[in-house]
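Taking it in order: structure first as structure tokens, then the write-up.
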Amino acid sequence: MLDIKRIRERPEEIRQGLRARGADASAVDAVLALDTQRRDLLTATETRKSDRNRISKTIGERRKQGEDTADMQAQVRDLGDEISAMDERVREVEAQLEARMLMIPNIPCPHIPVGPDASGNRVVRTWGEPRTFNFQPKSHIELGEKLGIFDFARATRMTGAGFPLLVGAGSRLQRGLIQYMLDLHITEHGYTEIWPPALCNTRSMTGTGQLPKMAEDMYHLVEDDLWMIPTAEVPVTNYYREEIIDRPLPISLTAYTPCFRREAGAAGKGTRGMIRVHQFDKVEMVKFVEPATSYDVLEALTGNAEDVLQRLGLCYRVLELCSGDISFAAAKCYDLELWAPGQDGWLEVSSCSNFEDFQARRAGIRYRDSEGKVQFVHTLNGSGVALPRLVVAIIENGQQEDGSVILPPAIVPYMGGMDRITA
RNA sequence: GGAGAGGUGGCUGAGUGGCUUAAAGCAGCGGUUUGCUAAACCGUCGUAGUACCUAAAGUGCUACCGGGGGUUCGACUCCCCCCCUCUCCGCCA
């Protein structure tokens with residue numbers, strides 16, 4: 001959520017930011033009108049409340065002295081009716097204002113490229129070289145089914161299309177990678193590991209920005225009004241929801257969770273195989289930091305995700321997303337994409353974002369600065385990294401002409417010494 | 001799911017209709033004392049909204065004692081509903 005005071009004081013800046021995103025800038029005027037209405041109503045209401053409090057106090061004093069206060073009581077009773085009606089109007093206007101505010105996306109950081117969509121993204125750097133083959137590289141779908149490590153047919157029967165089923169060495173690889181990534185983050189990158197719930201309530205989902213806008217992209221358990229998390233960002237960021245953090249910043253948390261996405265409207269778009277699925281696993285990194293440091297921390301966070309890939313020896317590139325392609329809550333975002341020879345393309349496995357105080361405002365996450373003043377923190381998160389696209393890249397990059405797969409040395413200890421998957 | 005107990009500030013914990021933003025203690029912050037640390041003593045110390053102010057600071061007002069509603073001139077205090085925590089029972093990986 002944006003700061004209403006910022007919208008009030010610098011509306012043109014907000015309009016420009018929204019336009020850069022391709023969002024509706026007229027929301028600014030709608031919000032300002034409601035804000036003015038709200039403040040006018042509040043002033044009038046609070047004057048009456050002040051009167052009521054004062055007169056009620058007088059009644060108490062007079063009655064103690066045995067005086068008759070019937071007139072005053074009648075007066076305050078009328079005042080009370082008036083206040084009730086006005087409170088009701090204040091609530092209505094505030095509800096409208098909040099509904100509008102929750103739908104306004106974050107303002108992009110002014111230094112990121114301006115562009116309409118993914119075409120405006122900028123490649124910041126590429127690490128490693130795409131592997132060259134002296135045979136035609138195959139897709140993970142073909143490789144995985146022949147190796148018996150994926151089973152799409154049974155997964156569909158069990159649940160439905162788009163749910164992954166890994167078997168044998170495939171399952172162990174996935175589990176080993178989760179362990180490898182968590183170990184790396186907690187021992188080398190300074191993160192504290194947590195194991196959160198995979199379902200969150202509506203307030204948490206609103207806190208990080210998934211709700212109200214992305215409701216149809218999530219699985220909703222109506223009976224309990226709980227939502228299956230689309231990313232560990234939700235529970236991990238909400239760890240400190242409605243708290244004034246009393247520990248020194250920065251705080252770095254990491255968690256493995258399954259993630260669930262309905263991918264409504266994405267049917268037919270890369271739906272075969274492991275690349276776009278309704279359930280996937282991910283190790284996530286989340287940071288709570290002092291505002292002045294958040295852009296430096298974003299670079300470090302992105303570096304933590306890159307480290308995962310570098311140690312596996314996988315070729316990847318880093319994209320700086322343009323204003324039209326960053327997500328709803330983000331002010332700046334880097335995507336990490338792995339080279340996948342079987343796709344002849346790049347696969348997004350991480351998205352590292354600075355949300356500035358956007359999520360902190362929604363979720364009420366604050367800290368005390370060096371002067372003891374309560375301030376909103378800045379929050380950041382990044383995948384570190386997402387499976388099973390990582391599995392796809394490992395398989396497609398490690399494939400041999402005979403269909404077997406040589407595994408990166410870094411993961412071999414997590415495979416009980418297995419360095420190659422064969423049929 | 002059933003029965004009982006309880007939810008007050010960063011923490012512990014008083015408070016059964018007006019004198020309570022809320023005693024007391026701890027923690028925090030500022031200071032005095034001090035070779036350093038510790039201790040002692042003094043002071044200070046909730047969050048948010050809003051109005052005034054160019055702004056900061058400050059001052060006033062309003063709201064907030066799990067959430068919502070009710071009674072009352074007036075609710076932390078009385079009544080109703082809901083949520084959560086704890087204990088016991090039931091069920092269960």
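Bear in mind the structure is a predicted one, so any value in this text is a computation, not a measurement.
Note: A:Y256 and A:W195 meet the aromatic proximity criterion, with ring centroids under 6.0 Å apart. For an aromatic pair to be called close, the ring centres must be under 6.0 Å apart, and A:F358 with A:F328 satisfies this.
B:rU71 and B:rC52 are spaced 37 Å apart, taking the C1' atom of each and rounding to whole Å. One C1' atom belongs to B:rA22, the other to B:rA39, and the distance between them is 31 Å to the nearest Å. Only the C1' atoms considered, B:rG68 is 16 Å distant from B:rG7, to the nearest whole Å. To the nearest whole angstrom, the two P atoms, one in B:rG66 and one in B:rG6, are 14 Å apart. Of the C1' atoms belonging to B:rU21 and B:rC79, the separation is 25 Å, rounded to the nearest Å. Spacing between B:rA55 and B:rA51 at atom C1', rounded to whole Å, works out to 16 Å. One C1' atom belongs to B:rU77, the other to B:rC65, and the distance between them is 11 Å to the nearest Å.
Backbone-only contact: A:R366 has heavy atoms under 4.0 Å from sugar-phosphate atoms and none from a base. When heavy atoms are screened at a 4.0 angstrom cut-off, A:R38 is found touching the sugar-phosphate backbone but no base atom. When heavy atoms are screened at a 4.0 angstrom cut-off, A:L42 is found touching the sugar-phosphate backbone but no base atom. As judged by a 4.0 angstrom heavy-atom cut-off over every strand, A:R361 is placed among residues making no nucleic acid contact.
The structure places CD1 of A:I7 at 5.5 Å from CD1 of A:I14, a figure rounded to the nearest 0.5 Å. Of the inter-residue distances, the one linking A:D335 atom CG with A:E348 atom CD reads 4.0 Å to the nearest 0.5 angstrom.
Between the CG atom of A:D87 and the P atom of B:rA63 there is a distance of 9 Å, given to the nearest Å. Atom CZ in A:R48 sits about 18 Å away from atom P in B:rC61, given to the nearest Å. Note: CD (A:E82) to P (B:rC73) measures 17 Å, nearest angstrom. Taking atom CE on A:M72 and atom P on B:rU72, their separation rounds to 19 Å, with Å as the unit. Straight-line distance from the CZ atom of A:R91 to the P atom of B:rC64: 12 Å, rounded to whole Å. Atom C1' of nucleotide B:rG74 and atom NZ of A:K49 are separated by 14 Å, given to the nearest angstrom. Spacing between atom CD of A:E242 and atom C1' of B:rC83 amounts to 14 Å, rounded to whole angstrom units. Distance A:E88 CD to B:rG68 C1': 13 Å, rounded to the nearest Å.
Taking a 6.0 Å sphere around CZ of A:R420, one finds it holds more than 12 heavy atoms contributed by other residues, nucleotides or ligands. Under a cut-off of 6.0 angstrom, the local environment of CZ in A:R10 is crowded, with over 12 non-hydrogen atoms contributed by other residues, nucleotides or ligands.
Classification of A:D29 and A:R15 as a salt-bridged pair holds, one side-chain N sitting under 4.0 Å from a carboxylate O. Salt bridge status for A:R366 with A:E243: absent, with no side-chain N to carboxylate O gap under 4.0 Å. In summary, A:K138 and A:E396 do not engage in a salt bridge, as defined by a charged side-chain N under 4.0 Å from a carboxylate O.
Within the 4.0 Å cut-off from OP1 or OP2 of B:rA51, at least one side-chain nitrogen or oxygen of A:R39 is found. Residue A:R54 places none of its side-chain N or O atoms closer than 4.0 Å to OP1 or OP2 of B:rG18. Distances shown here put a side-chain N or O of A:N53 below 4.0 Å from the OP1 or OP2 atom of B:rA63. For A:S56 and B:rG18, the shortest distance from a side-chain N or O to OP1 or OP2 is not below 4.0 Å.
Stem list for RNA chain B (at least 3 consecutive Watson-Crick or G-U pairs, distances under 3.5 Å): B:1-7 with B:83-89, B:10-12 with B:24-26, B:28-32 with B:40-44, B:46-52 with B:58-64, B:66-70 with B:78-82.
With hydrogens and angles ignored, no donor-acceptor pair closer than 3.5 Å exists between the side chain of A:E61 and the base of B:rG18.
By the 4.5 Å heavy-atom criterion applied to side chains, A:Q375 and A:Y367 are counted as neighbours. For the pair A:H185 and A:Y180, the minimum side-chain heavy-atom distance is 4.5 Å or more.
You'll find that the side chain of A:R8 is closest to B:rU50, out of B:rA48, B:rU50, B:rC73. Here the side chain of A:I244 is nearest to one of B:rU62, B:rU47, B:rA63, namely B:rU47. Taking only side-chain atoms of A:V374, from C-beta outward, the nucleotide of B:rU47, B:rU50, B:rA63 with the closest atom is B:rU47. In the set B:rG49, B:rC73, B:rG46, the nucleotide with an atom closest to the side chain of A:R368 is B:rG46.
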Protein N or O to nucleotides 90-93 of chain B N or O, pairs below 3.5 Å:
none

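A cation-pi arrangement, defined by a distance under 6.0 Å to the six-membered ring centre and an angle within 45 degrees of its axis, is present between A:K287 and A:Y191.
Between A:T47 and A:I55, the one whose closest nucleotide on RNA chain B sits nearer the 5' end is A:T47. Mapped onto RNA chain B by nearest heavy atom, A:I4 and A:V76 fall at different nucleotides, with A:I4 at the one closer to the 5' end.
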